[in-house]
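Here the structure comes first, spelled out in structure tokens, and everything after it is commentary.
Throughout, a chain's letter reflects where its sequence line sits, starting with A, and its residues are numbered from 1.
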Amino acid sequence: MAEAIAKHAFTGAGHPPAKATFELMARPTAKTGLISWLTTVDHKKIGMLYGGFAILFFLIGGLEALMIRTQLMVPNNRFIGAQLYNELFTMHGTTMIFLAVMPLNAAFFNLLIPIQVGARDVAFPRLNAFSLWVWVVGAFLLNVGWLSHIVPSWQFGGAPDVGWFGYAPLTSKVFTPDLSTDLWVLGLQILGLSSIVASLNFIVTIINMRAPGLTMMRLPVFCWMALVTSFLLILALPAIAIALVEVMFDRNFGTNFFEVSGGGQPILWQHLFWVFGHPEVYILILPPMGYVSEILPTFARKPLFGYPIIVFSGVAIGFIGFGVWSHHMFTTGMGVVATAAFSIATMAIAVPTGVKIFNWIGTLWGGQIMTRVPMMFALGFIWMFMLGGFSGIMHSAAPADAQQQDSYFVIAHFHYVLIGGATFALLAAIHYWFPKFFGRMVPEFWGKVSFWLIFVGFNCTFFPMHFLGLNGMPRRTWTYDSNMGWNEGNFFATMGAYLLGLGIFTYFAVLVWSFFKGQKCGNDPWDGRTLEWSIPSPPPEHNFAAIPNVHARDAWWYEKTHQDEIAAEKAAHIKAEESHGGIHMPDQSWYPLFAAAGLGLAAFNFAQLHHPVMMMGNQVLSSHLPLALTGGVIMVAALYLWSLEGPGGYHIHLDANGNATESRGDHH
Amino acid sequence: MSAPATTADAGHHEPSKFHFYIAIAMILSVITGVEVVLVYLPIAKWFVVTALVVLSAVKFMFVIFFFMHLRWDKVFCTILFFIGLVLAGGTMWALLHLFGADAGKPLSAAALDFARLTVG
Amino acid sequence: MTRPRLVHRNILRLVTASFAGLSLALLSGCKLVDAVHQIFSLSGPQSTMVTAGPVAKSQWDLFMVTVYVTTFIFIVVGAVLAYAQIKFRAKSEADEHAEPPPQGHGNPFVEIGLIAASVFLLVIIAIPTLKGIWYTHDVPDEDKANAIDVTATGYQWWFKFEYPTEMVKLPGGAGEAPLVTGNELVVPAGVPVRVQLRTVDVIHSFWIPKLAGKVDMMPNRGNFLWFKADHPGYFYGQCAEYCGESHAIMRFRVIALSAPDYAKWLENQKQAARTVTASSLAAAAAAPTVQFASMKFDAGAALSGSPQFDADPLGAWKAMQKPEAGENAALIATGRKLFNEKTCVKCHMVRGHEGIGITGPDLTRVGARSTIAAGVLENTQDLMHKWIKDPEYFKPGNKMFHGIGGMTGYMAPNDKGDLVPNIILNDTEITALVAYLHSLK
Amino acid sequence: MSSHAATIDHHHDATTSTGIPNKKLLWWAFLASDCMFFGALISTHLVYRLNPPPGNAIPTQVFNIELTSFSTFILLMSSLLMALAVNAIQKGNIRSTRTMLLGTMFFGCIFLGGQVYEFAHFVAVKKMTLSNSIFGSTFYTLTGTHGTHVAIGVLLLGMMYVRTFKPAHGESGLLRNFAHLAAVCTVMAVSFIWLVPSGIEAIYGAPVGELLSHHAVPFGIGAVALAVVFWFARSGGEVEFGEKNAIDVEAIGLYWHFVDIVWIIIFTAVYLLEYL
Ligand code: HEA
Ligand code: HEA
Ligand code: CUA
Ligand SMILES: [Cu+2]
């Protein structure tokens, strides 16, 4: 047993750390400062980087939303023009989904999965860093087009403007000749790569790195949802990757996949996109369901009601989610049989989702509910997500959807599930785990103020949109006429959005304040139930002084009630591990960053192969091919060096007081 | 773990699969040969199609279970791979049906020409 | 183990209470009540609730089924959730530190019961859904014989309508072609209309909320939809698939007429373009003009905006069919000449006159339309003047300004490749053009 | 880690919860994902094949089934060698592993050569290009993506081959490191600079001879650099690579075999079924 535990702590699957033969870059060892962040392989640091970027983009996406709402405040408004508006909603949707909610989830995957499964890091720490930096490259490519609004002589053609699902043939060269669409295609492609790599890593981590005793049926629900989500990602993203390749070829090499004059079928893009797109919405909501399933038991002080059923329904949602994509295409003339089949399949998803709602209520039932801020957001989630789910069911009735599709009713539906659902749960999670990772509490009072502002503002913004949609207001319209009966609804929604913006602002302002000034907290400020609450806040680099032995579903709750038994076990583990050389930790590395940078250089120039970019009246980077190839070579070289360098590693030794000392090179 | 394993004595190993692999490869080549011949034979079309599908499925299974050792690995690997295989197969099946249905048929050539003419 | 203390709870209660009170007080101000009422009103011209045909009605009825079922679930589930939230709330700080409650793990019977109940409720929705899918797909068999066919084609950013069975003679003995109009679809009321949906560029979607849900115009595919207007009326339509820069203002209108009115309208449409000369004006003054029977307009709309038009759009449309007072034959002739000289003719068809283009809307009877530029502007002389003066202002990116399919528009590239003004018009010229176009009834 | 396990059990890894080595799990999950990848591509091809637009190319007039059958056979044989390479390293037999790796690469290259010839032939003689018919678009993209997978496989095998020579104790001069790296980079740069434009030229219709003459210089530099890499790699003495690295070889093997099974499907669905 002790052997297994000691080995378990190993990351990098049994590679004996050896002196690097081809040591081109000395392995960085900095623990603080810029270099430590750039070269880190620590899942917590990577998680925080993901989180920081995601929150930044969430605010940018929100700002874009506020501009959209301002334009729609009054009819025939000329605050912004059609073109800019189209860029705004495209980038708002793309940003919120790919650059805010997905990476925020990735942040929590990184922060929590290794700790909740009782491991010291993810299975492939350098690969994890690679996913992060590749994600940054994708985010850059998507947004770089904005620069041409600031410096008009940079002719990227503005930000992407084809809508977040970029229906062909609008994406073909004939209709959107500018670079923005190429950057959109490549940006999404690269974000997809990042997500697939990250998901593979999480799958292996969850399945293979569990602490002794942590069976799958004891796994925290959050980890289960992360596992299902990771599977959805690796299985759904290839569909859009292929679709994007096809668009890219159409644009650059004259293929005919979606080229109407060559016999292409633009509807194929829709199928491939939604084969990805529908699982994608569950990719956005399953991790939030995980957070809520962690938060509710803590604040109701009861275990999750119906754990196996919640887990199973999560798996079921993921699986059925692959068979309903065409409900986004009810109006494309698929024929009655296909429409009927997808309609019914879509309704079926209500069952496993409902099961989760019922079990959450079951968790509350008979508990001692403490309405702390995270709990308020979690409860808000249940209410709002339920409403959003109901409008989803209304969409699933295909003939009724013929009136709702592409109207504000859809906008209302998906903001209820995406904000009322995903975002509320994320805000709950941020508030809940903030003390764990920063060691400080967020003040309750201001948290509650922000909750109420957000809650009220959100409903004021999006509830009227149901009615706007039923009253015939189409989405993606930069202006509307004053005689359509939409004036009041839009005005009200815009006011709501400002209120919502104020709420979001308050929320994050309070976080920033708490980061510096918040009250310090101990291991377990909420009386939590899972393993992360058993370690110090913020967690040390090696997470656990001793790898825990898991005896029950809520591992830490069990530990708290069986302290003697656990203390003995832990002492034994520590001894065993020290006798094996101490706690093994993976080394930092430059290569993930370099590989990603090479990829960025390659992609950025590849996008421009057919578009010379003008800067200050001159054609700069006149030949992009060499630069693109250089980028490719840098990437492959970095990957090669990465594989030669090996995982490396060093050891941490703990003294009786838990103080750590490090030793390098003592690999025996 | 860090023991230089190159010197590990072979006695503990399972018997070499060298000849076994060669046999598998031979079977695979023969099947491929049969497939190629099959399409030229004057037999009912449905039969050839079925036979081809079955034969390539057999080849597929031979490779994943023997060359890729699924047969000797933990079942979980098999499950993992089949999740992807089944979903991909299902999606392909659905797509082919969606496009094969009457409603999914593209405009006739005539209608296409008409549409093109009106673009001017 | 540190725990946040329960400070501020009472302050918070106070804040929420006063917030609620305040909003109630505000809402009771009567102008506000009106406004709030408006927020939830469903009586606009594109309402999906105030339907005017069987297809839209069946869709709304199905929607209401989903509303009833989900509202029921919401009330039941919400009540339980609310009860749990209130009942099991830790009432005091002491409560929170009390022994934790029993750590129960679930109850399979409850789960299975709830799953069964959900499935049952879904079946209630599924049955009418299936019925609706088949009903809304195509004209019912018993009505097929009456149905008329039209073809709607989407262009960035306007619609062309064709009547494949109504042939018109092309001028100069060039044979026959289907009748073509643009942006306003005129159909007979009480008759099923089967619309073939085509597009020449990107995906558009054809949506007349009061008559039928939308169906997309897919490149390379032959989609169609059907609808029937229960009674004569004037209906708003909208492109419902994002199709580029001016998607927002790719609108259209459907005018349903009684059978005799429709026949008269067709009769008039089939003539070549109207030519106004001094003598034709005199002759027309003597002859009786086309008269439309009076009919009821579905007035369930509470509209703001240009009141004269909105008060009776169908009436306004009918008024447009008659030649305008004070037509000036000389000015119209100048306009016709300019229409040719300024190269408008190469994009616009004016059947019987010089116009031969097909990349822009057919203008043979543009004067008789109630709107121009795809439902964006009311077709007054003034607004048409503004449109011709600066189309880009009203419709960013439009092809009349930027050119399309090899035809140069208001702007064209010069030798160096820079865009320069190509069609230059002054106010007097535009006035003449408008006079001409408005004479095309 | 002091557990001097005398043997390595290649089907059970005690350090993981499931006993499956992390790398193996990673690759199987990736292959599951790759199924979707090729599923989408093959779907695209078949959708257009079953509902061809007017004026599409006629596959049987384009294909050369003898060549393709030969390529299929070659790929199967490479798969065999790959399996044998894994078998050898699991026995700790590095020499045999190296031979098998080289053999696999060699067969992979023959397959690639066949494909380049096939493409060039289709374009130049059969007049089917990437853009002049939808069949061309889907066919080249699908088989080209598969070919790219093969090429990546060859690259990975090459890296693995070089790695088998990595000296055991890490003593090697800085200069040597730089020279090695520079050579590797040159090979890569050249193969990109050579492969990408010549691939594009091939697709747009240049015959093989012309291709070679156009790209003689980079091709030459690449060949020299390649020789340099191998020379640097072949250091005598003890190497670090051994039976414990079986999992690395096996991982690449999984990838290689997967590429083979994808071809099994393509061969039937894209080629053979056309002849009915
Ligand atoms: C987090 C993201 C998320 C989630 C979870 C969902 C969940 C669901 N969605 Fe939604 N959806 C989106 C995000 C999401 N959606 C987005 C972004 C779009 C628009 C994309 C675009 O066009 O830009 C969209 C669009 C969309 C459409 C297409 C609309 C159109 O364009 O015409 C449809 C159609 O069927 C649909 C249906 C559903 C259904 C049935 C669910 C179900 O999963 C909901 C299930 C939940 C419940 C039903 C509530 C709880 C259940 C109970 C209390 C049990 C009892 C209930 C019953 C028996 C009914 N969604
Ligand atoms: C998770 C996803 C997500 C989230 C959170 C949101 C959040 C919001 N969304 Fe959006 N939305 C989408 C996903 C999302 N949206 C998608 C996918 C589309 C479809 C796009 C398409 O059609 O292609 C869409 C489209 C969409 C539309 C329709 C546009 C159209 O069709 O024409 C509207 C209109 O009101 C809207 C509004 C809002 C508002 C008001 C918010 C608010 O919740 C935003 C709240 C946040 C803030 C207000 C930020 C506050 C911050 C500050 C004030 C500080 C700023 C400071 C700095 C930047 C330093 N969204
Ligand atoms: Cu046409 Cu939108
Ligand atoms: Cu969906």
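Rounding to the nearest 0.5 Å places CD1 of A:I203 at 9.0 Å from CG of D:L26. Atom CZ of A:F258 and atom CD1 of D:I134 lie 9.5 Å apart (nearest 0.5 Å). Rounding to the nearest 0.5 angstrom, the gap separating the CZ atom in A:F249 from the OG1 atom in D:T141 is 5.5 Å. In this structure, CG in D:L25 is found 11.0 Å from CD1 in A:I206, a value given to the nearest 0.5 Å.
With sequence neighbours excluded, no residue forms a side chain to side chain donor-acceptor pair (under 3.5 Å) with A:N201. For D:E250, the salt bridge (charged side-chain N to carboxylate O under 4.0 Å, His left out) partners two or more places apart in sequence, or in a different chain, are D:K24. Partners of D:A251 by side chain to side chain contact (heavy atoms under 4.5 Å, CB included), not counting sequence neighbours, listed by chain and number: D:W27.
Residue contact with chain D, scored on non-hydrogen atoms closer than 4.5 Å, involves the backbone and the side chain of A:L235 alike. Using a 4.5 Å cut-off between heavy atoms, D:F30 touches chain A through backbone and side chain atoms alike. Looking at A:E259, there are no atoms closer than 4.5 Å to chain D (heavy atoms on both sides), in backbone or side chain. Residue contact with chain D, scored on non-hydrogen atoms closer than 4.5 Å, involves the backbone and the side chain of A:F257 alike. Of the two parts of A:F202, neither the backbone nor the side chain holds a non-hydrogen atom closer than 4.5 Å to a non-hydrogen atom of chain D. For A:I207, the parts lying under 4.5 angstrom from a heavy atom of chain D are both the backbone and the side chain. Looking at D:S133, only its backbone comes within 4.5 Å of chain A, counting heavy atoms on both sides.
Of all heavy-atom pairs spanning A:Q265 and D:Y48, the tightest one is N-OH, 2.7 Å. For the pair A:P238 and D:F37, the tightest heavy-atom approach, listed with the atom from each and the gap, is CB-N, 3.5 Å. Listed here is the closest heavy atom pair of A:G262 and D:P53: O-CG, 4.2 Å.
Interface remark: of the candidates A:V275, A:I196, A:L200, A:L200 forms the most heavy-atom pairs closer than 4.5 Å to chain D. Between chain A and the residues D:A29, D:G19, D:C35, the most heavy-atom pairs under 4.5 angstrom are made by D:A29.
Between the side chain of D:S137 and the backbone N or O of A:N256, at least one donor-acceptor pair lies under 3.5 Å. At distances below 3.5 Å, at least one donor-acceptor pair connects side-chain atoms of D:S33 with backbone N or O atoms of A:I234.
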Step-by-step side-chain contact (heavy atoms from CB on, under 4.5 Å) determination, D:T18 to A:R210:
CA-CA 9 Å; D:T18 54; A:R210 282 167 287 134; 3.8 Å; yes
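Annotation: residues 40-47 of chain D contacts chain A through D:A40, D:L41, D:T44 [non-hydrogen atoms, separation under 4.5 Å].
In this structure, the side chains of A:V636 and D:L155 come closer than 4.5 Å at one or more pairs of heavy atoms.
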